[in-house]
There are 4 protein chains.
Amino acid sequence: MSDGRVERAAAAREARREQILDAARVVFAARGYHGTGVSELVAACGVARGTFYQYFPSKEAVFHALLDVLLARLGAALVPVDRRPGAAPVSVQLRAIVSGLLAVMDGDRALTRVLFREALASDGAADARMAHFHRDLAAWVRHALALGVADGILRPIDRDVVADCIVGTLRGVIVARIVDAAEPLDVDRVADAVLGYAWEGLSARGA
Amino acid sequence: MSDGRVERAAAAREARREQILDAARVVFAARGYHGTGVSELVAACGVARGTFYQYFPSKEAVFHALLDVLLARLGAALVPVDRRPGAAPVSVQLRAIVSGLLAVMDGDRALTRVLFREALASDGAADARMAHFHRDLAAWVRHALALGVADGILRPIDRDVVADCIVGTLRGVIVARIVDAAEPLDVDRVADAVLGYAWEGLSARGA
Amino acid sequence: MSDGRVERAAAAREARREQILDAARVVFAARGYHGTGVSELVAACGVARGTFYQYFPSKEAVFHALLDVLLARLGAALVPVDRRPGAAPVSVQLRAIVSGLLAVMDGDRALTRVLFREALASDGAADARMAHFHRDLAAWVRHALALGVADGILRPIDRDVVADCIVGTLRGVIVARIVDAAEPLDVDRVADAVLGYAWEGLSARGA
Amino acid sequence: MSDGRVERAAAAREARREQILDAARVVFAARGYHGTGVSELVAACGVARGTFYQYFPSKEAVFHALLDVLLARLGAALVPVDRRPGAAPVSVQLRAIVSGLLAVMDGDRALTRVLFREALASDGAADARMAHFHRDLAAWVRHALALGVADGILRPIDRDVVADCIVGTLRGVIVARIVDAAEPLDVDRVADAVLGYAWEGLSARGA
DNA sequence: TATGAATGAGTGTTCATTCAT
DNA sequence: GATGAATGAACACTCATTCAT
């Protein structure tokens with residue numbers, strides 16, 4: 001088959017691309033997005049400057065490619081609650097979702113660090129994509145709250161503000177347990193604590 | 001009094017300083033810290049480049065001067081809980097503290113935006129100061145939790161993780177209601193929702 | 001007499017001028033001409049920036065004023081040899097002239113240092129004035145050599161080049177004994193050595 | 001050989017480096033070290049600013065690269081006197097050394113001009129390197145004088161001061177015949193005159 | 001396709017001089 | 001006359017991107 005050459009070339013291209021992305025993730029994590037120059041990037045992955053620009057049109061673009069992967073995984077973890085008969089209990093589903101989000105971020109600490117440590121305000125596009133995910137997450141939370149209200153399992157609450165609180169709660173543990181932490185993440189422990197906090201609050205009952 | 005001239009000069013200097021700071025706050029908020037050059041700064045406040053450097057030794061320094069004010073106000077709002085007999089109920093104090101922090105940040109939305117949108121990772125000093133405040137806040141929360149446990153008013157919780165959740169909760173509403181919001185902040189509403197969420201959680205009781 | 005006021009004012013002006021010049025000499029010597037800014041100058045003499053520019057039109061000008069004094073003194077020391085009957089012997093006159101030049105420069109080590117340590121190539125005018133003195137000195141030497149030849153007291157020499165040698169000889173001891181030296185100048189010793197070297201050379205006679 | 005490309009690239013790089021150095025020598029000579037900005041340098045050699053900084057890390061560095069060559073040549077010319085049996089007569093060796101130093105400097109008039117016209121007081125490193133050569137030269141002279149005394153071929157002289165005179169003598173002819181001169185240097189004539197002056201002095205004998 | 005030398009607009013900062021008070 | 005705040009052209013240097021080979 002004469003396609004062999006074409007396929008091999010495509011595979012080589014893909015391998016090169018991955019090589020650049022892998023190196024970039026490491027370097028961005030180590031030096032920050034703003035602190036990383038194209039020089040560092042190409043030095044780290046062992047290709048020439050020009051080659052870099054053959055795979056990515058700009059420094060920003062590499063970053064977006066990394067972001068693609070992470071956001072896709074996060075989006076996949078953020079499934080709607082399944083309320084059909086026979087589905088797992090909501091509490092179990094919520095735990096799975098929280099654990100999933102934490103696990104995805106823990107699985108790419110390098111990029112997670114960059115995203116949470118630099119707001120990239122000067123890179124409009126990356127910022128916009130993060131904001132977009134942030135909105136997705138908030139919408140998911142608001143939707144879940146609406147369902148809970150419909151089911152009568154929630155206290156009467158200020159749903160909009162509380163949605164922000166919940167998103168913040170997640171962000172709080174991500175920053176403290178993944179971004180700023182050296183030790184490995186104990187997903188179960190953290191998910192338990194988060195759900196317990198969000199569901200029961202702090203107060204001892206019956207007072 | 002022959003000091004009139006000296007006084008007027010000092011006042012003029014102070015006014016100039018404020019003029020630069022005010023313009024800087026706006027420009028930093030609009031373009032981000034990294035996206036703002038000295039050129040933009042001086043264009044925005046209508047002084048020459050050299051004049052700028054007569055009042056601040058560097059671009060960084062203007063930013064720190066802005067930070068000074070905000071961090072001082074935040075520090076003042078973050079008072080320890082007063083548990084002496086006759087003091088206001090703890091719940092009232094907590095509400096005052098949360099409201100206070102929100103009000104301070106709402107009072108300087110421009111700078112708050114910069115701080116929450118960029119991690120300033122390349123400005124070591126500013127970053128360190130924010131991290132320092134963050135640590136103060138986390139320490140305050142942990143201390144408050146310890147008191148609550150001692151008083152027997154808290155559920156048994158994973159205090160370390162929950163402290164991260166609480167800090168995140170605050171951050172969540174700040175980002176959503178101040179940083180990303182266009183409309184004015186309803187401090188009372190938000191403080192109520194935050195405290196209700198943190199104290200009671202989401203679940204309807206007694207179920 | 002109503003002129004008192006005018007005179008007093010003129011005296012005050014002159015005093016101010018001297019105050020600036022004295023401070024400038026010290027600062028230039030300590031930090032070099034290029035290393036000295038107007039800020040250092042005005043700080044050292046305790047007047048305001050604007051005041052400085054009322055007395056001297058530029059930083060360069062202060063330097064030239066200092067130069068004036070030194071060059072005037074050097075010019076005065078560089079008297080023509082007196083060959084009229086009854087005049088002191090030429091050797092005595094030469095010694096007096098060499099000693100005179102050395103003494104003048106030793107008397108203003110600060111400025112001498114600046115002049116010999118920085119060539120001020122970027123300050124065209126000061127450089128030109130130094131070059132002018134340099135030419136005067138060379139011309140004086142050439143003239144003296146011509147007289148010596150006429151009197152038959154000189155070896156047959158390449159007068160132009162030897163004139164350069166003699167000027168260089170003087171410069172050599174000035175740099176070594178005044179500019180780069182910490183200890184005081186022993187005018188007599190140096191003048192003796194210079195004249196001995198220039199007159200007799202190094203070789204033991206008659207060998 | 002497949003190395004052709006690599007070799008050609010290395011040669012091109014070297015050529016570019018020389019192009020910058022050559023232009024820099026000319027511009028420094030014309031405008032002085034302090035009077036020359038990177039803008040002038042890049043304009044003179046027809047490369048972009050960035051290109052300049054690919055070859056030299058700073059303006060200072062180009063200057064030092066120029067200095068390297070000149071100081072190496074001067075150091076090579078300043079060989080110790082060879083007093084072993086069979087060596088050339090000392091007078092011949094001295095002449096060769098003086099001629100050598102003059103020829104080296106005449107061979108790079110541009111840089112020699114910069115070095116003698118500016119003290120580079122604000123470029124600590126270049127200044128230190130010149131001072132170092134100056135000390136080497138003075139040490140060489142003092143050593144040569146000590147040998148002459150040991151051989152009994154010198155008059156009794158004040159060796160320290162006379163060493164300064166000799167260094168100055170050389171400097172005198174360099175400044176007059178190379179730095180300030182437009183016409184070509186007649187090395188033989190100048191070397192003869194210098195050695196004659198230093199050895200025999202000015203006086204007609206037998207007086 | 002891979003290369004890396006070349007580019008130049010951009011950066012933060014300085015400082016001799018001016019001028020309103 | 002004295003003041004010192006204001007000025008802005010100039011500085012050395014960086015770095016994301018291009019392009020000839």
Side-chain angles (χ1 to χ4, degrees), chain A residues 9 12-13 16 34-43 46-62, chain B residues 4-6 8-10 12-13 15-17 20 34-42 46-62, chain C residues 9 12-13 16 34-43 46-62 123, chain D residues 4-6 8-10 12-13 15-17 20 34-43 46-62:
Chain A
R13 251 195 97 76
R16 193 72 119 177
H34 289 103
T36 301
V38 176
S39 298
E40 277 93 20
L41 251 21
V42 300
V47 306
R49 289 174 100 74
T51 308
F52 175 87
Y53 279 94
Q54 292 211 327
Y55 288 87
F56 298 95
S58 69
K59 174 181 129 175
E60 221 184 327
V62 211
Chain B
R5 277 229 292 267
V6 168
R8 227 173 306 135
R13 257 193 91 76
R16 207 35 138 199
R17 206 185 124 91
I20 293 173
H34 290 103
T36 301
V38 177
S39 300
E40 277 92 23
L41 251 20
V42 300
V47 305
R49 287 176 102 71
T51 307
F52 174 87
Y53 280 95
Q54 287 218 327
Y55 288 87
F56 298 96
S58 69
K59 174 182 126 174
E60 219 183 329
V62 211
Chain C
R13 249 194 99 74
R16 193 71 119 175
H34 289 105
T36 301
V38 176
S39 298
E40 278 93 20
L41 252 22
V42 300
V47 305
R49 287 175 100 74
T51 308
F52 174 88
Y53 279 93
Q54 291 212 328
Y55 287 87
F56 298 96
S58 69
K59 173 181 130 176
E60 220 182 329
V62 211
D123 177 347
Chain D
R5 278 229 292 266
V6 169
R8 228 174 305 135
R13 258 194 90 77
R16 210 28 140 206
R17 206 186 126 92
I20 293 173
H34 291 104
T36 301
V38 176
S39 299
E40 277 92 23
L41 251 19
V42 299
V47 304
R49 290 176 101 72
T51 306
F52 174 87
Y53 281 96
Q54 286 216 329
Y55 289 86
F56 298 96
S58 68
K59 173 182 127 174
E60 218 182 332
V62 211

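Per chain, numbering begins at 1; letters A, B, ... match sequence-line order. Since the model is a prediction, treat every value here as computed from it, not as a measurement.
Counting to the nearest Å, the C1' atom of F:dA6 and the CD1 atom of B:Ile20 are 11 Å from each other. Atom-to-atom, CZ of D:Arg16 to P of F:dA20 comes out at 14 Å; the value is rounded to the nearest Å. Atom-to-atom, CZ of C:Phe56 to C1' of E:dA16 comes out at 16 Å; the value is rounded to the nearest Å. Atom CZ in D:Arg17 sits roughly 13 Å away from atom P in E:dA6 (whole-Å rounding). In this structure, NE2 of D:His34 is placed 13 Å from P of E:dA16, rounded to the nearest angstrom. Here E:dG12 presents its P atom at 21 Å from OH of B:Tyr55, a figure rounded to the nearest Å. With rounding to whole Å, C:Tyr53 atom OH is found 18 Å from E:dA20 atom C1'. Atom P of nucleotide F:dA10 and atom CG of D:Leu41 are separated by 17 Å, given to the nearest angstrom.
With a cut-off of 3.5 Å on both pairing distances, the Watson-Crick or G-U wobble partner of E:dA6 is F:dT17.
Listed for the A:Lys59 side chain is a donor-acceptor partner under 3.5 Å among the backbone atoms of A:Thr36.
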Problem - Verdict with reasoning, A:Tyr53 to A:Val38, per side chain to side chain contact (heavy atoms under 4.5 Å, CB included) - result: CA-CA 10 Å; A:Tyr53 279 94; A:Val38 176; 3.5 Å; yes
Practice task
Let me see the working for C:Leu41 and C:Arg49 under side chain to side chain contact (heavy atoms under 4.5 Å, CB included), right down to the final yes or no.
Solution key: CA-CA 9 Å; C:Leu41 252 22; C:Arg49 287 175 100 74; over 6 Å; no
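When the nearest nucleotides of DNA chain F are assigned to A:Lys59 and B:Arg13 by heavy-atom distance, the more 5′-ward of the two goes with B:Arg13. Nearest-nucleotide mapping onto DNA chain E: of C:Ser39 and A:Phe52, the residue sitting toward the 5' end is A:Phe52. Both D:Val47 and C:Thr36 lie close to DNA chain E; mapped to their nearest nucleotides by heavy-atom distance, the more 5′-ward contact belongs to D:Val47.
Taking both residues in full, the closest heavy atoms of D:Gln54 and D:Arg13 are given as O-NH2, 3.6 Å, listed atom of the first, atom of the second, then distance. For the residue pair D:Arg17 and D:Phe56, the shortest heavy atom distance occurs at NH1-CE2, 3.4 Å.
Residue D:Val38 is classed as a sugar-phosphate contact, given heavy-atom separations below 4.0 Å to backbone atoms only. Across all strands, C:Gly37 comes closer than 4.0 Å only to sugar-phosphate atoms, never to a base (heavy-atom distances).
Comparing F:dT7, F:dT14, E:dT3 against the side chain of A:Gln54 picks out E:dT3 as the nearest. The nucleotide whose nearest atom lies closest to any side-chain atom of C:Thr51 is, among E:dT18, F:dT3, E:dT13, F:dT3.
Put simply, the side chain of B:Arg49 and the base of E:dG12 share a donor and an acceptor less than 3.5 Å apart.
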